[in-house]
Amino acid sequence: PQRNKMAAYGRYHTAVVRGIPDSVRYEALIQAEQRDYVDVEKARQEKAVYVQTLRDLGLRIVELPAAEEHPDCPFVEDCAVVCNGTALVTRPGHPSRRGEVHAVKKVLEEDLGLEVVHMVEDEATMDGGDVLFTGKEFFVGLSNRTNEAGARILAETFPDYSVTTIPVARGLHLKCFCTMAAPDVMAVGEGPEAQKAWQEIKARGDHKYAILNVPDDGAANCMFVNGTMIHCAADDFPKSAKTFAAAHLAYPRVQVSNKELAKVDGSLTCCSILI
Ligand code: CIR
């Protein structure tokens, strides 16, 4: 069975996404001290391209409507971790985001028929952006949003895989600077926090991965969907786009722009739950 799981890495049939509310402009959470205001119309256009890209890669798209009362609702990745037919609905680390999970839970359970585990324990917190699944094991960033209790519940929910926690002292989530670019290949930003995380992954993980060093931390958030890499456009990260091209990985690549939601720390992975 382990063999089959590995062979299935990066294969998906459905993506859950969510509309962008107007409130994202003034109310979405930000790490930066000064807000760079999202152009909501542009964000919706970029999002439409992202969704079409996923559709072109064979995914059925299930789109939840935007919720004005939840400015960060487009970032559905944080609300659930889905693996082998089971969905762990999280308890997001920031209190303002906790209400987002109900609509996500409903669609995963009722429309998509997944087995749902809901993280309800009071002390536990988790944002899906901290959960890196390699196809062979989980790495969980311990950040301002995700704690040990959350990581423990993840481990209990997916007992077939080992779970290794990685300290994330700066930045929002583990996957802000480190994701799977392809099977067994990790894209890692060249910033100090990213490189520190990579050292931990290398030292403490159960499996070996090749590293693809990416000049911009933000560009290290990429996706691998049904045999194709999706990464940020040259217009977003010129140096990193060159790095992806020069890496000559044995997979086709598609570039997607994510300039607007990046202003509120949204990345490529965070805008979908892949099933
Ligand atoms: C937040 O701070 O929660 C949102 N503004 C951004 C969440 C991004 N999520 C992700 O990268 N997984």
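Numbering of ligands and ligand atoms starts at 1, following listing order.
For a threshold of 3.5 Å applied to N or O pairs, the pair formed by D127 and ligand 1 contains no separation below that value. Residue-to-ligand polar distances keep C270 apart from ligand 1: every N/O pair is separated by 3.5 Å or more. The N/O atoms of L29, backbone and side chain alike, include one that comes under 3.5 Å of an N/O atom in ligand 1. No N or O atom of Q31 sits closer than 3.5 Å to an N or O atom of ligand 1.
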Assess whether side chain to side chain contact (heavy atoms under 4.5 Å, CB included) is satisfied between T157 and T86, documenting all intermediate values. CA-CA 8 Å; T157 308; T86 297; 3.9 Å; yes
ring-ring contact (aromatic ring centres under 6.0 Å, His included), that's the test. Do Y161 and F133 meet it? Break it down for me. CA-CA 9 Å; Y161 299 100; F133 182 60; 5.0 Å; yes
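If you number the atoms of ligand 1 from 1 as listed, the ones under 4.0 Å from a heavy atom of G129 come out as 12 (N). Under a 4.0 Å criterion applied to the non-hydrogen atoms of H173, ligand 1 contributes the atoms 9 (N), 10 (C), 11 (O), 12 (N). Applying the 4.0 Å criterion to heavy atoms of E77 picks out, from ligand 1, the atoms 10 (C), 12 (N). Residue contact check: R145 has heavy atoms under 4.0 Å from atoms 1 (C), 2 (O), 3 (O) of ligand 1. For ligand 1, the atoms sitting less than 4.0 Å from at least one non-hydrogen atom of S267 are 11 (O), numbered in the order shown with element in parentheses.
The number of heavy-atom neighbours closer than 6.0 Å to CG of N213, taken from other residues, nucleotides and ligands shown, is above 12. Residue E68 places its CD atom among more than 12 non-hydrogen atoms of other residues, nucleotides or ligands, all under 6.0 Å distant. Counting non-hydrogen atoms of neighbouring residues, nucleotides and ligands closer than 6.0 angstrom, the CZ atom of R60 reaches no more than 12 such neighbours.
Note on ligand 1: H94 sits outside its first shell, no heavy atom being nearer than 4.0 Å. Under the 4.0 angstrom criterion for non-hydrogen atoms, A28 is not in contact with ligand 1. Within the 4.0 Å heavy-atom shell around ligand 1 one does not find K175.
Remark: among candidates V76, L268, D265, V264, the nearest residue to atom 8 (C) of ligand 1 is D265, based on non-hydrogen atoms.
Put simply, the side chain of Q255 gets close to the backbone of A234: a donor and an acceptor are under 3.5 Å apart. R91 contributes a side-chain N or O that, together with a main-chain N or O of D122, makes up a donor-acceptor pair within less than 3.5 Å. In this structure, the side chain of T134 engages the main chain of K136 through a donor-acceptor pair within 3.5 Å.
With hydrogens left out, the protein atom closest to atom 9 (N) of ligand 1 is D78 OD2, 2.8 Å, a heavy atom. Protein heavy atom closest to atom 4 (C) of ligand 1, with residue, atom name and distance, is D72 OD1, 3.1 Å.
A salt bridge is absent between D216 and K239; no separation between the charged side-chain nitrogens and carboxylate oxygens falls under 4.0 Å.
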